[in-house]
Amino acid sequence: MKNKSQKLSGSDGFNSFYEEIFGSRWEALKASLTPDNVHAEISFKDCQSYFLDPASVVSALCLPVKDAEKVLDMCAAPGGKTLVLAGNLAEDALMFSNERSPQRKSRLAKVVQDSLPVEISGRIKISCSDASTWCRRESENYDSILLDAPCSSERHVLNDPKYLNEWSPSRIKSVAMEQWSLLSCAFRLAKTGGYILYSTCALCPKENDQIICKLRKKFENVQIEPKEKMQEYFLENLKSYKGSIKAPEGFDFASLFELAEPTESGLHVLPDSSSGAGPLYFCLIKKL
């Protein structure tokens, strides 16, 4: 095991690990990860624009929030997905955006202040704590929850020689444990009949479908919403958005949703087949 672990470390180990997952597709997928992301633009009247990956827009729009009284963004910094959700909040709804890092929380607060009108930003409560502990003090309190979980982020690893040289499978194991803590907490925080959108920018199934599989084994009242249902919420939220969401030139959000590849439990936008958008895995969960 020690010899195998040594072989699967650094740049060569990184390539071997993902080649085993994606086979002959890996080289093209890896090449699509190195350029800068394409960016969508979110804007509200008299507010600063915010730019983010169009796949992040598509995923966040799949979470139904229009009828929600309380919405939670568990790992919200730097703030792009909070802006996506905020554009469909009901007029009397509250939203809680949390970030455990004080520095990133400050950035989140600035994004909310600068990029949203006061009538929306005034109903967003920003906090700084470890969201995986929230279920110790409250339960079944939120109608809709977004968990954009910390992940191993292969795009960033590839573009940073330091991280690439230090890479090993233990990185994935560590973040998967953290992801499970957050998702199991999110499920306890969701009201009966509520929704959780789980997403990562990871490529590895251990951080995506396998986390969802673990949730289904742990709780009997888990329902995974099909692609058709996600598409229904996505199109409805896109149409009713209070601000402006502008796709990059040559992109179309509806087409990008269609390009998302079905997995065992969710959808995966991969940049080699989506003109550079992603990677972004997302799954919509309903608590029965």
Other residues, nucleotides, ligands: >12 heavy atoms within 6.0 Å of [X] [atom1]:
| X | atom1 | value |
| --- | --- | --- |
| R137 | CZ | yes |
| E138 | CD | yes |
| K242 | NZ | yes |
| E119 | CD | yes |
| Y241 | OH | yes |

Within the distance-only criterion (no hydrogens, no angle test), does the side chain of [X] pair as donor or acceptor with the backbone N or O of [Y] below 3.5 angstrom?
| X | Y | answer |
| --- | --- | --- |
| D12 | L8 | no |
| S184 | S181 | yes |
| Q48 | S115 | no |
| D160 | H156 | no |
| T34 | A31 | yes |
| T263 | G266 | yes |
| R123 | L94 | no |
| D272 | A28 | no |
| D114 | C47 | no |

Output all residues satisfying side-chain contact (heavy atoms from CB on, under 4.5 Å) with [X], sequence neighbours left out; order by chain, then residue number.
| X | answer |
| --- | --- |
| Q210 | P205, K206 |
| S49 | E41, S43, F51 |
| A176 | Q179, I211 |

Check [X] against [Y] and note the closest heavy-atom contact, atom names and distance.
| X | Y | value |
| --- | --- | --- |
| R155 | G276 | NH2-O, 3.3 Å |
| C201 | C151 | SG-SG, 3.1 Å |
| I172 | Y18 | CD1-OH, 3.5 Å |
| S152 | V157 | O-CG2, 3.5 Å |
| V84 | V57 | CG1-O, 4.1 Å |
| C62 | L197 | CB-CD1, 4.1 Å |

Should [X] and [Y] be counted in the same cluster of Ile, Leu, Val, Met, Phe, Trp and Tyr side chains packed under 4.5 Å apart?
| X | Y | answer |
| --- | --- | --- |
| L85 | I245 | yes |
| I224 | Y198 | yes |
| Y195 | L235 | yes |
| I126 | L182 | no |

Side-chain contact, heavy-atom cut-off 4.5 Å: I42 with L52?
yes
Side chain to side chain donor-acceptor pair (under 3.5 Å) involving [X] - partner list, sequence neighbours excluded:
| X | answer |
| --- | --- |
| E178 | R100 |
| W134 | S129 |
| T200 | N208 |
| D143 | K191 |

Go through the steps for K81 and S59 under the test side-chain contact (heavy atoms from CB on, under 4.5 Å), then give the verdict.
CA-CA 9 Å; K81 290 189 177 73; S59 67; 3.7 Å; yes
If you measure from the Lys or Arg side-chain nitrogens to the Asp or Glu carboxylate oxygens, is any gap between R25 and E261 under 4.0 Å?
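Salt bridge flag = yes for E261 with R25.
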State whether a side-chain donor-acceptor pair under 3.5 Å links S121 with Q113.
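No pair is found: no donor N or O on one side chain lies under 3.5 Å from an acceptor on the other.
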If I take atom CD from residue Q103 and atom CG from residue L108, how far apart are they, to the nearest 0.5 angstrom?
13.0 Å
Please report the interatomic distance CZ(F96) to CD1(I145), rounded to the nearest 0.5 Å.
11.5 Å
Show every salt bridge (charged side-chain N to carboxylate O under 4.0 Å, His left out) that has at least one partner inside residues 161-173, sequence neighbours left out.
K162-E166
Tabulate below the donor-acceptor pairs under 3.5 Å that side-chain atoms of residues 246-258 make, not counting sequence neighbours, or state none.
residue: D252; atom: OD2; partner: A254; partner atom: N; Å: 3.2
residue: D252; atom: OD2; partner: S255; partner atom: N; Å: 2.9
residue: D252; atom: OD2; partner: S255; partner atom: OG; Å: 3.0
residue: E258; atom: OE2; partner: Q231; partner atom: NE2; Å: 2.6

Can you list, pair by pair, the side-chain donor-acceptor contacts under 3.5 Å of residues 65-80, counting residues two or more places apart and other chains?
residue: K66; atom: NZ; partner: E236; partner atom: OE2; Å: 3.4
residue: K70; atom: NZ; partner: N141; partner atom: OD1; Å: 3.2
residue: D73; atom: OD2; partner: T82; partner atom: OG1; Å: 2.7

Identify all side-chain donor-acceptor contacts of residues 281-288 below 3.5 Å with residues at least two apart in sequence or on another chain.
residue: Y281; atom: OH; partner: D209; partner atom: OD1; Å: 2.6
residue: K287; atom: NZ; partner: E140; partner atom: OE2; Å: 3.2
residue: K287; atom: NZ; partner: F187; partner atom: O; Å: 2.9
residue: K287; atom: NZ; partner: A190; partner atom: O; Å: 2.9

Listed by chain and number, what are the ring-ring contact (aromatic ring centres under 6.0 Å, His included) partners of Y50, not counting sequence neighbours?
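So Y50 forms no ring-ring contact (aromatic ring centres under 6.0 Å, His included) with any residue.
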